[in-house]
Asker: 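I have a structure I would like to understand better, so I am pasting it below and will then ask my questions one at a time.
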Amino acid sequence: EIETFLANTSRPKMGQAKAKQSAGKKIIDMSKQSSRLEGLDMAALLRTTGADLKTRGLPVQERKRLLRFVDKVRQGYVHEGKPGDWKGWRAPGPER
């Protein structure tokens, strides 16, 4: 379950940068961080803090991105897109 969550929070390559990519266009593959999150289930991941992730050795950008999507799940957002699609998150609300 965590591997799917990490795949859905990863960011693909943004834009067509010719030179060195800026931080805003850098690929962030969250599935590479799964080894640092061993021993956590989804419930434990929803309770984790930035300090916990820092002690596990996650880099800053990955920590911030992971915490942003963990907060979305806490608020009730659901991923309805295809697996690995980071834009497939839908806000909570009435059924369509």
Side-chain angles (χ1 to χ4, degrees):
E1 185 178 5
I2 287 187
E3 289 82 15
T4 305
F5 176 75
L6 292 175
N8 291 336
T9 60
S10 295
R11 182 174 65 193
K13 181 177 179 182
M14 306 292 285
Q16 301 295 322
K18 302 270 189 234
K20 184 178 177 183
Q21 289 187 345
S22 68
K25 295 185 177 184
K26 180 180 154 193
I27 297 171
I28 298 179
D29 186 5
M30 296 299 294
S31 58
K32 290 181 180 178
Q33 306 303 329
S34 62
S35 63
R36 294 182 172 144
L37 299 174
E38 283 183 10
L40 288 178
D41 59 352
M42 196 61 188
L45 185 62
L46 292 176
R47 290 188 309 268
T48 193
T49 64
D52 296 336
L53 296 175
K54 186 174 184 177
T55 59
R56 288 179 173 267
L58 263 76
V60 174
Q61 278 192 327
E62 283 81 350
R63 268 198 318 263
K64 288 171 72 174
R65 188 164 183 88
L66 184 62
L67 289 173
R68 191 175 320 126
F69 280 95
V70 163
D71 189 48
K72 282 187 174 201
V73 171
R74 284 186 197 139
Q75 293 175 21
Y77 279 70
V78 186
H79 189 271
E80 295 177 346
K82 57 187 172 184
D85 180 17
W86 69 283
K87 291 185 178 181
W89 293 90
R90 299 291 172 248
E95 296 293 322
R96 295 182 211 191

Asker: Compare every heavy atom of Pro59 with every heavy atom of Arg36, then report the nearest pair and how far apart it is.
Answerer: NH1-CD, 3.4 Å
Asker: Using the side-chain hydrogen bond (donor to acceptor under 3.5 Å, both in side chains) criterion, which residues pair with Ser31? Sequence neighbours excluded.
Answerer: Asp29
Asker: Evaluate the side-chain proximity of Leu6 to Phe69: yes if any heavy-atom separation is below 4.5 Å, no if none is.
Answerer: no
Asker: Should the pair His79 and Trp89 be assigned to parallel (<30°), tilted (30 to 60°) or perpendicular (>60°) ring geometry?
Answerer: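 Plane angle over 60°, so perpendicular.
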Asker: List the residues meeting side-chain contact (heavy atoms from CB on, under 4.5 Å) with Ala51, not counting sequence neighbours, and say none if there are none.
Answerer: Thr49
Asker: Show the nearest heavy-atom pair for residues Phe5 and Val73, with the distance to one decimal.
Answerer: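 The answer is CE1-CG2, 3.6 Å.
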Asker: Where the side chain of Asn8 meets the backbone of Thr4, is there a donor-acceptor pair that is under 3.5 Å apart?
Answerer: yes
Asker: Nearest 0.5 angstrom please: Asp71 CG to Leu46 CG, how far?
Answerer: 10.0 Å
Asker: Which residues pass the side-chain contact (heavy atoms from CB on, under 4.5 Å) test with Glu38, sequence neighbours left out?
Answerer: Ser35
Asker: Could you pull out all residues at least two apart from Thr48 that satisfy side-chain contact (heavy atoms from CB on, under 4.5 Å)?
Answerer: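 For Thr48 the side-chain contact (heavy atoms from CB on, under 4.5 Å) partners, ignoring immediate neighbours, are Leu45, Asp52, Leu53.
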Asker: For residues Gln33 and Leu58, report the shortest heavy-atom separation together with the two atoms involved.
Answerer: OE1-CG, 4.1 Å
Asker: Which pair of heavy atoms, one from Arg65 and one from Thr9, lies closest together, and at what distance?
Answerer: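 Closest approach of Arg65 to Thr9, heavy atoms only: NE-O, 2.6 Å.
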Asker: Please identify each residue that fulfils side-chain contact (heavy atoms from CB on, under 4.5 Å) with Val78, with sequence neighbours left out.
Answerer: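 For Val78, the residues satisfying side-chain contact (heavy atoms from CB on, under 4.5 Å) (neighbours in sequence not counted) are Glu80.
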Asker: At their closest point, which heavy atom of Ser10 faces which heavy atom of Met30, and how far apart are they?
Answerer: OG-N, 2.8 Å
Asker: Going by side-chain hydrogen bond (donor to acceptor under 3.5 Å, both in side chains), name the residues that satisfy it together with Arg56, two or more places apart in sequence or in a different chain.
Answerer: none
